Amino acid sequence: MKDILTAPFLIEMVRTATNMYAHGWDERNGGNISLMLSEDEVKEYGDVKRVLRTIPTGFSAPDLDGKYFLVTGTGKYFKNVQYAPDVNLGLVKLIDGGTNAQLLWGFTDGGKFTSEFPAHMMSHAARLKVNPANRVVMHCHPTNLLAMTYVHTLDEKAFTRTLWQMCTECIVVFPDGVNVLPWMLCGTNEIGEATAEKMKTARLVVWAQHGLYGAGVDLDEAFGLIETAEKAAEIYMKIAHLPLVNTITDEEMHLLEGRFGVKAREGYLS
Ligand code: 13P
Ligand code: ZN
C-alpha cells in the first residue's frame, strides 16, 4: 500500500489550499475544498474497508451514495494544511444515502469535515448532472468579489456583465456567468440547497457579503475560475468610483465567442 501523502490528489489538494491562502482568499479557517475521488484512486493508498469513525452529515444525498471525497476540516486554517495534512484534511466515503460519512483517513485530532459540507455535497450532486466529469467544489472569501457585493446590484445578469466587461478573457473563462445568492446563514442545509440550485446554471456562485463557490472538473479549473472572477472584481473595485470612458462592448463579446468557441449565457448579451 502506498503512502497517501505521496498521492497526486493529496499533493495537489495541499498545494491548492496553500496557494489559496497565499492569494488572501482564506483568512483564518475561511474557505473549504472538496475533491471527489474514485474507489480505484483511493484504494491504492489505503484500506477502503477500514473505517476510523462514522460521522452523520445532517442531510441526505442519495446521488452521492458510495462516493469518496477528500475534504478540508471545519475550523482548520488553509495556512496550516501543508504542515499537517492529516489533521486538516479528511478522506470520507458517503454511505446510507449520504446521511453518514465514513472517515477513512485524516482529521487525526478528532475533527470533522467543513461546516459547509451540505453546500459542497449538494453542489457536487447538482454539477454532476450538468457535467459528469465534475470533481471539485471550492469555497473561499476573495476580497474584491466580497467588496463588490456591497456596492454592486446583486442582479445576476448585471453582476455577470460587469465582470465580463472588466477583463477580455472573462467571458471565455466563465461564459456561463456567475449566479448570486443574497446573504444567508452559512453552514446550513438551506444555503446548501440554494447553492446547489444556483450551480445548475453556473460554475460560480457568489454568496453576498460572504464569499464565492467555484466548481470544476479538477482543482485547477475551480481555482482558475475563482482567480479570473476575482481579478475582474479587483478591476471593478479600482474603477467603480471613476468616470467610465471605455468598456468591452457586446459586439466585441460576440467576437470573443466566435474566436474562442464559447457561447455566452442565453440572454446575457444584446
Ligand atoms: P469551516 O471552517 O467549517 O470550513 O468554515 C469556513 C467557512 O468559510 C464558512 O463559510
Ligand atoms: Zn465561508
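None of the values given here were measured: they were computed from a predicted structure. Side chains are part of it too, since the values below use all heavy atoms of this structure and drop only hydrogens, waters and symmetry mates. We count ligands from 1, going down the list as the structure has it; atoms in each ligand are counted the same way.
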| query | What atoms of ligand 1 come closer than 4.0 angstrom to any heavy atom of E116? | reply | 9 (C), 10 (O)
| said: Any nitrogen or oxygen of G30 lying under 3.5 Å from a nitrogen or oxygen in ligand 1? Just yes or no. | reply: no
| Is the F223-W25 ring centre distance short of 6.0 angstrom? | yes
| request: Of all the heavy-atom pairs spanning V14 and P85, show the shortest one and how long it is. | output: CG2-CB, 4.1 Å
| Would Y68 end up clustered with M13 when hydrophobic side chains under 4.5 Å apart are linked, directly or stepwise? | yes
| For T72, which of L35, I33, N88, N29 qualifies under side chain to side chain contact (heavy atoms under 4.5 Å, CB included)? | I33
| task | Before signing off on this row, confirm whether C186 and ligand 1 have an N or O atom pair separated by under 3.5 Å. | result | no
| remark: The closest protein heavy-atom partner of atom 6 (C) of ligand 1 is N29 O, 3.3 Å
| Trace of the side chain to side chain contact (heavy atoms under 4.5 Å, CB included) decision for K2 with Y45 | CA-CA 5 Å; K2 295 196 236 169; Y45 298 97; 3.6 Å; yes
| query | Does the shortest distance from the Zn ion (ligand 2) to an N/O/S atom of C140 fall below 2.8 Å? | reply | no
| said: To check your reading of the model: name the closest protein heavy atom to atom 7 (C) of ligand 1, its residue, and the distance in Å. | reply: N32 ND2, 3.5 Å
| task | Report, in ascending order of atom number, the atoms of ligand 1 lying under 4.0 Å from any heavy atom of T74. | result | 1 (P), 2 (O), 3 (O)
| said: Regarding ligand 1, does K76 bring an N or O atom to under 3.5 Å of one of the ligand's N or O atoms? | reply: no
| Shortest heavy-atom approach to atom 3 (O) of ligand 1 - which of S115, G73, G211 | S115
